[in-house]
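A, B, ... follow the sequence lines: proteins, then strands. Residue 1 opens every chain.
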Protein chains: 2
Amino acid sequence: MSRPERRRGPRSDLQDTRGALLEAARARFGEHGYDGTKLRDVAADAGVDAALVSYFFGGKDGLFAAAMALAVNPAELVEELLRDGTDGLGERLLRALLAMWDDPGSGSPFVALVRSAATNERAADLLRGFLERELLGRIAMAIDAPSPELRAALAGSQMVGIIMARYVVRVEPIATCDPETLVAAVGPTLQRYLTGDVALGA
Amino acid sequence: MSRPERRRGPRSDLQDTRGALLEAARARFGEHGYDGTKLRDVAADAGVDAALVSYFFGGKDGLFAAAMALAVNPAELVEELLRDGTDGLGERLLRALLAMWDDPGSGSPFVALVRSAATNERAADLLRGFLERELLGRIAMAIDAPSPELRAALAGSQMVGIIMARYVVRVEPIATCDPETLVAAVGPTLQRYLTGDVALGA
DNA sequence: GTCTATATCGTGATAGAC
DNA sequence: GTCTATCACGATATAGAC
């Protein structure tokens, strides 16, 4: 049971240790959040020693930052979606994001951020800043209606709610249903928040 | 600085240690989640020693369970709301829940559960079970439309999204706006999920 | 009942051999 | 570059004095 026997993942002979660590880190952070992720486990998944994390990334913080940076930049994705105007934007937005999140490779950094933000104040700052600056801010600028910030934030809350239900808490039937089912059901919600008539009390 | 000088909260002379611990625990768990909460801090807030936690509750698990059990039972709250029928249920549901969550006394157990569920698998099980059994299940039984489970789950995802935005990540302007603003804006969303015409693809 | 002191463990980081 | 061994620290839980 205590045989050395290193290297167990699919990675055959390439000794791209750094890349292997990043890959394992994204998976672990996505599954357990920042605080819940153990460096030793990440290293074990990558088939290398835990000391290499410090060697390559300086520490846990650096590894987390590097793993998050691997995300497909959603800012340009949003820009692209916005170029087609705001008609049907809700559906298109949700469809694109679901496609991204359903793929463990590109989606786990986001799930990791949401998970980590719940218990880690710095991660919450990161997520809040990212949402406001990269996503909601851009969307708010593109919509031509009163209270664009509130509208974008409401849409964001529904998107985060979907992430929580589908990827974090895994509430059925949302967790396992077809993406298009969600697009059809909650796309209109997003569209109403963005351009529809929402009562803006206060 | 190292003077004993115990007892600092508002609780003047009653030595209800157990109650003080529960009160402090709800606040801490609500703020930092299960994993992020340190028993020493809870004890310090309560003005007693950390060892008392084990004495009264057997350990961290027991303290968490006891603190969660203090929640105003939302099952009967939902039952009461359901008695008035499903017309305007979305608004009434959201108004009642916001009133509850905005009060640190009654709302923090929920926020604590949501926070903890993000990194702690057992807390996620707890939250999922609670949602499905106590909340969404009851709501699903009360609505007379196709796919009641999906409808209830969608409503739940929007409610959790509001919790995340308002209490956990604190995204503006949702975090600080008037409750009635939210009721007016997202109440119709809930109503549509529950009884409106949502496209139920797949 | 309440506190002090301590046992025990898990984790992140580091020094140094190979 | 990579691993072994270890340190330093913080956390829960427990034994026992008062």
Side-chain angles (χ1 to χ4, degrees), chain A residues 1-9 11-25 28-29 31-67 112 116 119-123, chain B residues 1-9 11-25 28-29 31-67 115-116 119-123:
Chain A
M1 261 326 191
S2 64
R3 198 105 53 75
E5 176 140 25
R6 68 186 62 161
R7 182 69 24 89
R8 55 180 188 195
R11 219 173 69 272
S12 52
D13 42 277
L14 275 188
Q15 42 193 8
D16 179 12
T17 309
R18 198 189 145 91
L21 278 172
L22 277 177
E23 193 183 336
R28 283 277 170 181
F29 283 132
E31 192 69 20
H32 303 105
Y34 182 85
D35 295 317
T37 297
K38 292 165 274 197
L39 251 35
R40 288 179 160 88
D41 290 347
V42 173
D45 286 354
V48 300
D49 190 275
L52 279 309
V53 172
S54 295
Y55 179 77
F56 281 114
F57 304 97
K60 193 176 184 177
D61 279 17
L63 178 63
F64 186 72
S116 306
T119 34
N120 192 282
E121 197 54 42
R122 291 183 50 208
Chain B
M1 258 332 189
S2 65
R3 198 105 55 74
E5 176 139 26
R6 69 188 60 161
R7 181 70 21 89
R8 56 182 188 196
R11 220 173 68 273
S12 52
D13 41 277
L14 276 187
Q15 42 192 10
D16 179 12
T17 310
R18 198 190 146 90
L21 278 171
L22 277 177
E23 193 183 336
R28 283 278 171 183
F29 283 132
E31 192 69 20
H32 302 106
Y34 181 85
D35 295 317
T37 298
K38 292 165 274 196
L39 252 34
R40 286 179 160 89
D41 290 348
V42 173
D45 288 354
V48 299
D49 190 272
L52 279 310
V53 172
S54 294
Y55 179 76
F56 282 115
F57 304 97
K60 193 176 185 178
D61 279 17
L63 179 63
F64 186 72
R115 277 200 136 104
S116 307
T119 33
N120 191 284
E121 196 55 43
R122 291 182 50 207

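Between Asp49(B) atom CG and dC18(D) atom P there is a gap of 16 Å when expressed in whole angstrom units. Per the geometry, CG belonging to Asp16(A) stands 11 Å off P belonging to dG1(D), to the nearest Å. When rounded to the nearest whole Å, the span between CG of Asp35(B) and P of dG10(D) equals 18 Å. Atom-to-atom, CG of Asp61(B) to C1' of dA13(D) comes out at 12 Å; the value is rounded to the nearest Å. In this structure, NE2 of His32(B) is placed 16 Å from C1' of dA11(D), rounded to the nearest angstrom. The distance between atom CG of Leu52(B) and atom P of dA15(D), rounded to the nearest whole Å, is 16 Å. Going from atom CZ of Phe56(A) over to atom P of dT2(D) covers 5 Å, rounded to whole Å.
Residues satisfying the side-chain contact (heavy atoms from CB on, under 4.5 Å) test with Thr37(B), not counting sequence neighbours, are Arg28(B), Phe29(B), His32(B), Val42(B).
Side chain of Ser116(B) to backbone of Gly33(B): no donor-acceptor contact under 3.5 angstrom is found.
With rounding to the nearest 0.5 Å, the separation of CG in Leu63(A) from CG in Leu22(A) is 6.5 Å.
The salt bridge (Lys or Arg N to Asp or Glu O under 4.0 Å) analysis of residues 52-62 of chain B, with sequence neighbours excluded, yields the pairs Asp61(B)-Arg122(B).
In this model, the phosphate group of dT2(D) is approached by a side-chain N or O of Thr17(A) to a distance below 4.0 Å at OP1 or OP2.
Each of Ala50(B) and Ala51(A) was matched to the nucleotide of DNA chain C holding its nearest heavy atom; the match closer to the 5' end belongs to Ala50(B).
Using a 4.5 Å cut-off on side-chain heavy atoms (C-beta onward), Thr119(A) and Asp35(A) make contact.
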Atom pairs under 3.5 Å, N or O on each side, protein against nucleotides 8-11 of chain C: can you list them with distances?
unit_1: dT11(C); atom_1: OP1; unit_2: Lys38(A); atom_2: NZ; d: 3.3

Quick one: side chains of residues 49-56 of chain A, donor-acceptor pairs under 3.5 Å with protein atoms, not counting sequence neighbours, listed by atom name and distance.
unit_1: Asp49(A); atom_1: OD1; unit_2: Ala51(A); atom_2: N; d: 2.8

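If you check every strand for non-hydrogen atoms under 4.0 Å, Phe57(B) touches nothing.
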